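Bear in mind the structure is a predicted one, so any value in this text is a computation, not a measurement.
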Amino acid sequence: MNTSTRLGGFKILKDVVWISLIQPKEDYRFTTAFANLMANEKINLPFLTCGDQNQALGLNFVVDVQDAEKTSDLIEKDFGKTNLTTTKGAVLSIFPHRSKPEIIGTLLDVLGKLGNQPIAFANSPSAISAILSEDVISEATNALFDPFEFGPYRTPEDWKLAQKGKEKLYKEVVASYQEKKPKVYGLEWQDGQALIHVKLDSGHISTMGTALKDFAQFGLVLTFFISRPSKEKNKGNLFFCLPEPDKYNYIGMVQKLLPEASTVEDSSVASFSMNGPHFGDRYGIISELLNSLNEARVELLGLSCSIHTISGVLSANQIHPAIEAIRKCFEVPTVIRKETQ
C-alpha cells in the first residue's frame, strides 16, 4: 500500500554558500545593519532567517558562491568579532506544503537521518526550504522520494533529467530588475498565535519532525517556521507558530519526545507573509523592510525570507503598526486577515 504524500514538486538552488552568523551583543538593530550592508554592496540574499532578538542574535543566510569571500570580509570589517561559519551547499525547497505540520515534520525526519549536521530551515505559505551542505545534496534528493510523490517524477533520475538547463536559466534572472517601490502580490496576517522556541541537539531533528507530525492530528497549521544557529556547539534553535493553545499543551507534546530540549512559549503573537515578483531575485528587499519597521519602532521576533516570500512574527499589539510600515515601503494592493484555525 502506497502511503507517500503527493506534492507539486521541489527545486534545488545550487552554487551558494551558507553562512551562519551569531552576533554576541544584544543589539536588535544588528539584522538591519547587516541587511543594509548587503544592499549597499548589491549582494543577493535568496535565503535568510533570524529569530529571538532578546538574546545574542543568530542569522542563517545564503549568498552566491562568487560573493561568499567578499561577504565574510565585509562582516568582519563592519561588525568585528562574530561567530561565523561558511559551508558550500544548496537550498532545497519542496512545495506546496500548505502549512501542514505533517509535511514539514516529514521533511525534518528525512533530513535528520542524513547525519548529525546543522540544517537551516525557512518557510513560506507554499514552500518549506532547507539549506544542505554540498556533500549530502544527492543523498537528500534520493531520500525525498520515499515519503513523497512529486507529480510526474516517479524517481530521482526522472527529476534530475527534467532539471537540466533550469539552474542556468534561474541564475540569469537574479537581480535583473530593480523597482523604486517593490510590488507585493498581497499581504496576509493572522493573530491569535503562539510562538514556540525549541533549543535542541542537531542530532534530534528527526525526533522533532515526529513532534510536528503529532500536531497534525489536531488539524493545526504552522503559520511560521524557521531555524537559527546557536552559540552552543551541535545545538540548534527552531521557532514556529501555532494557534494559541486553549486546549493544547504544545510544550508538553514536544518534551514528551525530547525531554532534554529547552522549550519556551510566547503567546499573543501575530504572523504575516507577503510575496512579490522579485523578492527572491534582487538585493535590498530585506533592507527596505527592516528600515521601515525600525522607523515605526516595530521589533520582529522572527523573520523568514525564502523563494519569493517574506514572513515575520511579532507581538500581536504591533501588527497594525507593522502593516502601516510595510505599506510605506512596498506597493501592497490587498491586506487580508486570515482566521485562526
Side-chain angles (χ1 to χ4, degrees), residues 7 47-53 93-108 120-130 184-198 208-209 211-228 237-251 253-254 263-276 279 289 293 298-323 326 332 334-341:
L7 298 178
F47 180 110
L48 179 142
T49 65
C50 67
D52 192 4
Q53 299 192 2
S93 301
I94 66 172
F95 52 86
H97 67 58
R98 297 177 290 276
S99 299
K100 292 185 175 182
E102 61 267 35
I103 294 177
I104 298 177
T106 299
L107 180 64
L108 264 64
F121 299 97
N123 85 314
S124 72
S126 60
I128 174 71
S129 301
V184 174
Y185 291 128
L187 186 149
E188 295 183 344
W189 66 278
Q190 191 169 7
D191 56 4
Q193 301 289 296
L195 177 64
I196 315 299
H197 171 201
V198 181
M208 188 64 216
L212 291 180
K213 286 186 280 188
D214 284 347
F215 294 132
Q217 64 184 306
F218 304 113
L220 302 173
V221 297
L222 292 169
T223 57
F224 185 81
F225 184 86
I226 64 165
S227 66
R228 78 160 175 84
N237 294 274
L238 295 179
F239 295 81
F240 55 92
C241 282
L242 290 164
E244 286 191 282
D246 294 332
K247 55 184 177 180
Y248 306 115
N249 181 1
Y250 298 143
I251 291 180
M253 293 173 68
V254 172
T263 309
V264 178
E265 181 180 307
D266 186 359
S267 297
S268 299
V269 305
S271 61
F272 69 87
S273 66
M274 57 182 180
N275 64 339
F279 275 23
L289 170 68
L293 292 177
V298 171
E299 184 175 346
L300 292 174
L301 300 174
L303 181 66
S304 170
C305 308
S306 64
I307 311 300
H308 299 289
T309 299
I310 294 177
S311 301
V313 60
L314 67 173
S315 296
N317 60 11
Q318 289 195 309
I319 185 63
H320 294 295
I323 292 173
I326 290 170
V332 185
T334 59
V335 176
I336 300 173
R337 179 186 181 185
K338 298 182 67 177
E339 294 296 327
T340 300
Q341 295 184 356

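- The structure places CD1 of I128 at 4.5 Å from CD1 of I104, a figure rounded to the nearest 0.5 Å.
- Under the salt bridge (Lys or Arg N to Asp or Glu O under 4.0 Å) criterion, D191 pairs with R337, sequence neighbours left out.
- Distance check: T106 OG1 to L212 CG gives 9.5 Å after rounding to the nearest 0.5 Å.
- S124 places a side-chain N or O within donor-acceptor distance of the main-chain N or O of S126, the cut-off being under 3.5 Å.
- Applying the side-chain contact (heavy atoms from CB on, under 4.5 Å) test to E265 and every residue at least two apart in sequence or in another chain returns A194, I196, P245, Y250, I251, S267.
- Side-chain atoms of N237 and H197 include a donor-acceptor pair closer than 3.5 Å.
- F224 has its ring centre no less than 6.0 Å from the ring centre of F240.
- Taking 4.5 Å as the limit, every side-chain heavy atom of Q193 sits out of range of all side-chain heavy atoms of V313.
- Using a 4.5 Å cut-off on side-chain heavy atoms (C-beta onward), L187 and T334 make no contact.
- Proximity of L238 to F121: side-chain heavy atoms (C-beta onward) are separated by under 4.5 Å at one or more points.
- Between atom CZ of residue F272 and atom NZ of residue K338 there is a gap of 14.0 Å, rounded to the nearest 0.5 Å.
- Taking CD from E102 and CG from D214, the interatomic distance works out to 11.0 Å, rounded to the nearest 0.5 Å.
- In this structure the side chain of F239 never reaches within 4.5 angstrom of the side chain of L303, judged on heavy atoms.
- Using a 4.5 Å heavy-atom cutoff, the side chains of I336 and W189 are not in contact.
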Apply side-chain contact (heavy atoms from CB on, under 4.5 Å) to L300 and Q318, showing your working.
CA-CA 9 Å; L300 292 174; Q318 289 195 309; over 6 Å; no
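- Between the OG atom in S306 and the CZ atom in F47 there is a gap of 6.5 Å [rounded to 0.5 Å].
- Judged purely by atom type and a 3.5 angstrom limit, Q190 has no side-chain atom pairing as donor or acceptor with the backbone of T223.
- Taking 4.5 Å as the limit, some side-chain heavy atom of I103 sits within range of a side-chain heavy atom of L7.
- Annotation: the span from N123 atom CG to S311 atom OG amounts to 5.5 Å, rounded to 0.5 Å.
- Checked against salt bridge (Lys or Arg N to Asp or Glu O under 4.0 Å), K213 has the following partners two or more places apart in sequence or in another chain: D109.
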